[in-house]
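Below is one structure, written out as structure tokens, with a few remarks after it.
Counting from 1, the numbers follow the sequence of the chain as shown.
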Amino acid sequence: MKLILKLIAGIMAGILLGFFAPDAVIRILLTVKSLGGQLIGFTIPLIILFYITSGIASLPKNSGSLLGKTVALSYGSTVIAGSLAFIVASSVITGLPAPDQTTTDAGAKLTSFISLEIPPMFGVMTALATAFLFGVGISITNSIRLKEIADDGRSIIDLLLSKVIIPLLPFYISGIFAEMAAEGTVFTTLKTFGVVLALAVFMHWVWITIQYTITGLALGLSPIKLIKNMLPAYFTAIGTMSSAATIPVTLRQTRNNGVDESIANFTIPLCATIHLSGSTITLVTCSTAVIALSQHIALPSLVEMLPFIMMLGITMIAAPGAPGGGVMAALGLMASMLGFGEAELALMIALYMAQDSFGTACNITGDGAISLWVNKFAQKQPASTNSPQQAD
């Protein structure tokens, strides 16, 4: 919550400085924005490499078909949620006002004091392919040394995010909005912000309702009662902004829905890592809005957007547990697959962070529905095989 307040303060300060501050002050903000953008761009492939490698290598072993079914349900939920979000968002957002095409002379002349390029060590797709190669390889060979390297690399990136990049975000966002204010496009952007944030939260609840309605009808349970039992976990996630920190409450409420304790202990921690339908809804909705605001990116069709959504479902495995981790992991895909530049990526960060807690709450609430299905599958198979207790 403190980070969200800081980001809001950064946005307001950027707008005021963009309108009223001397050019030298604005150029200082643009310098911070430029350096921050280069640092984020350099870090993105490292996030993907270490987080996905560590995540895949850490998946439970010897849990048989239940693991495969849990992963399939989680990925399917994420992709369908993202596709539904794009259909709704593209219909709603296309009716919003387009940004002004003209800019002021002041905005056109403003540049940062320092122009420093920090090229990434490798591209996003190279990082993704390498992460899968080593993640699966470590899982198969049980290589302790490589697993330790991946985990240590993840810890280092965790420190970089928590100590440098996340604290830098308010100043980075402030520079973006100062530039937009100087160019005269900030008010159109802010109008779109409100609509997009409301739409994202609305879509979260649409997806939660769909998940539990289908689950309840298929399993002979009351969808309303199932959702009601998960509300404590939902509101806890809003406060913590972390799926991992909410696991104890999610476990308790999932068991209250009738899920066997061993199944809950298996699925909830796993889904906290791989099932991020709420975050995907937010990212797709916000991406659609940013494309609509952009003057150089055409709004894609669902068929054109689907590869991005499918890759997003995989990349979400790399999402760091810190607030804003989902968007940080997805920035590379937005740049490589959607053509987002520095300004679009900064808008994505601001939009995502403004509702991060609600996306997290949708994630963990959906984890309860996945657990109900896995619990049903477990009841249909022999108790002596594919037991989830073997994953502990």
| message | Could you check whether atom CD1 of Ile224 has more than 12 heavy atoms from other residues, nucleotides or ligands sitting under 6.0 Å from it? | response |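 Not more than 12 within 6.0 Å, no.
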How long is the gap from [atom1] on [X] to [atom2] on [Y], to the nearest 0.5 Å?
| X | Y | atom1 | atom2 | answer |
| --- | --- | --- | --- | --- |
| Cys286 | Leu197 | SG | CG | 6.5 Å |
| Ile157 | Met328 | CD1 | CE | 10.5 Å |
| Ser74 | Ile370 | OG | CD1 | 4.5 Å |
| Phe202 | Ile281 | CZ | CD1 | 11.0 Å |
| Asn363 | Thr78 | CG | OG1 | 8.0 Å |
| Thr315 | Phe308 | OG1 | CZ | 8.5 Å |

| Do you see a donor-acceptor pair shorter than 3.5 Å between the side chains of Ser77 and Trp207? |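 A donor-acceptor contact under 3.5 Å links the two side chains.
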| query | Would Asp260 and Asn375 count as having a side-chain donor-acceptor pair, cut-off 3.5 Å? | reply |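 Asp260 vs Asn375: no donor-acceptor pair found between side chains.
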| task | Before giving the answer on side chain to side chain contact (heavy atoms under 4.5 Å, CB included), spell out for Phe122 and Leu49 the whole-Å C-alpha distance, their side-chain angles and the decisive distance to 0.1 Å. | result | CA-CA 10 Å; Phe122 34 74; Leu49 175 62; 3.7 Å; yes
Any side-chain heavy atom of [X] sitting closer than 4.5 Å to one from [Y]?
| X | Y | result |
| --- | --- | --- |
| Asp158 | Phe50 | no |
| Ile138 | Ile144 | no |
| Ser287 | Phe340 | yes |
| Tyr212 | Met230 | yes |
| Leu338 | Met305 | yes |
| Pro45 | Thr126 | no |
| Pro223 | Thr215 | no |
| Leu231 | Thr365 | no |

| request: Evaluate the side chain to side chain contact (heavy atoms under 4.5 Å, CB included) criterion for residues Tyr75 and Met310: first the C-alpha distance (whole Å), next the side-chain angles of each, then the deciding distance (0.1 Å), finally the verdict. | output: CA-CA 9 Å; Tyr75 183 70; Met310 296 177 71; 3.4 Å; yes
Can you get from [X] to [Y] by hopping between Ile, Leu, Val, Met, Phe, Trp and Tyr side chains that sit under 4.5 Å apart?
| X | Y | value |
| --- | --- | --- |
| Leu299 | Met334 | yes |
| Tyr172 | Met353 | yes |
| Ile156 | Leu146 | no |
| Ile165 | Leu345 | yes |
| Ile227 | Leu217 | no |

| said: Among residues at least two apart in sequence or on other chains, which ones pass side chain to side chain contact (heavy atoms under 4.5 Å, CB included) with Pro307? | reply: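 Listed in chain order: Met337.
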| task | Identify, with sequence neighbours excluded, every residue that meets side chain to side chain contact (heavy atoms under 4.5 Å, CB included) alongside Phe358. | result |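 Counting only residues at least two positions away or on another chain, Phe358 forms a side chain to side chain contact (heavy atoms under 4.5 Å, CB included) with Val201, His204, Tyr234, Ile238, Gln355.
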| request: Please say which of Thr254, Ile263, Val259 ends up in a side chain to side chain contact (heavy atoms under 4.5 Å, CB included) with Leu372. | output: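 Among Thr254, Ile263, Val259, the one meeting side chain to side chain contact (heavy atoms under 4.5 Å, CB included) with Leu372 is Val259.
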| said: Out of the candidates Leu347, Leu283, Thr285, only one should pair with Tyr352 under the side chain to side chain contact (heavy atoms under 4.5 Å, CB included) rule; please name it. | reply: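 Between Tyr352 and the candidates, side chain to side chain contact (heavy atoms under 4.5 Å, CB included) is satisfied uniquely by Leu283.
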Considering all heavy atoms of both residues, which atom of [X] and which atom of [Y] are nearest to each other, and what is their separation?
| X | Y | value |
| --- | --- | --- |
| Gly368 | Ile268 | N-CD1, 4.5 Å |
| Pro300 | Ile291 | CD-CD1, 3.9 Å |
| Gly82 | Thr280 | CA-CG2, 3.9 Å |
| Ser277 | Gln211 | OG-NE2, 4.4 Å |
| Cys271 | Thr70 | SG-CG2, 3.9 Å |
| Leu29 | Phe171 | CD2-O, 4.4 Å |

| request: Please lay out, stage by stage, how Thr288 and Phe86 fare under the test side chain to side chain contact (heavy atoms under 4.5 Å, CB included). | output: CA-CA 7 Å; Thr288 306; Phe86 176 75; 3.4 Å; yes
| field | Side-chain donor/acceptor of Gln253 to backbone N/O of Thr250, under 3.5 Å | value |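 No.
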| said: I'd like to know if the side chain of Glu148 and the backbone of Arg145 have a donor-acceptor N/O pair within less than 3.5 Å. | reply: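 Checking the backbone N and O of Arg145 against the side chain of Glu148, no donor-acceptor pair under 3.5 Å is found.
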| request: In sequence, state the C-alpha distance, the side-chain angles, and the governing distance for Ile210 and Leu84, and then conclude on side chain to side chain contact (heavy atoms under 4.5 Å, CB included). | output: CA-CA 11 Å; Ile210 291 174; Leu84 181 63; 3.8 Å; yes
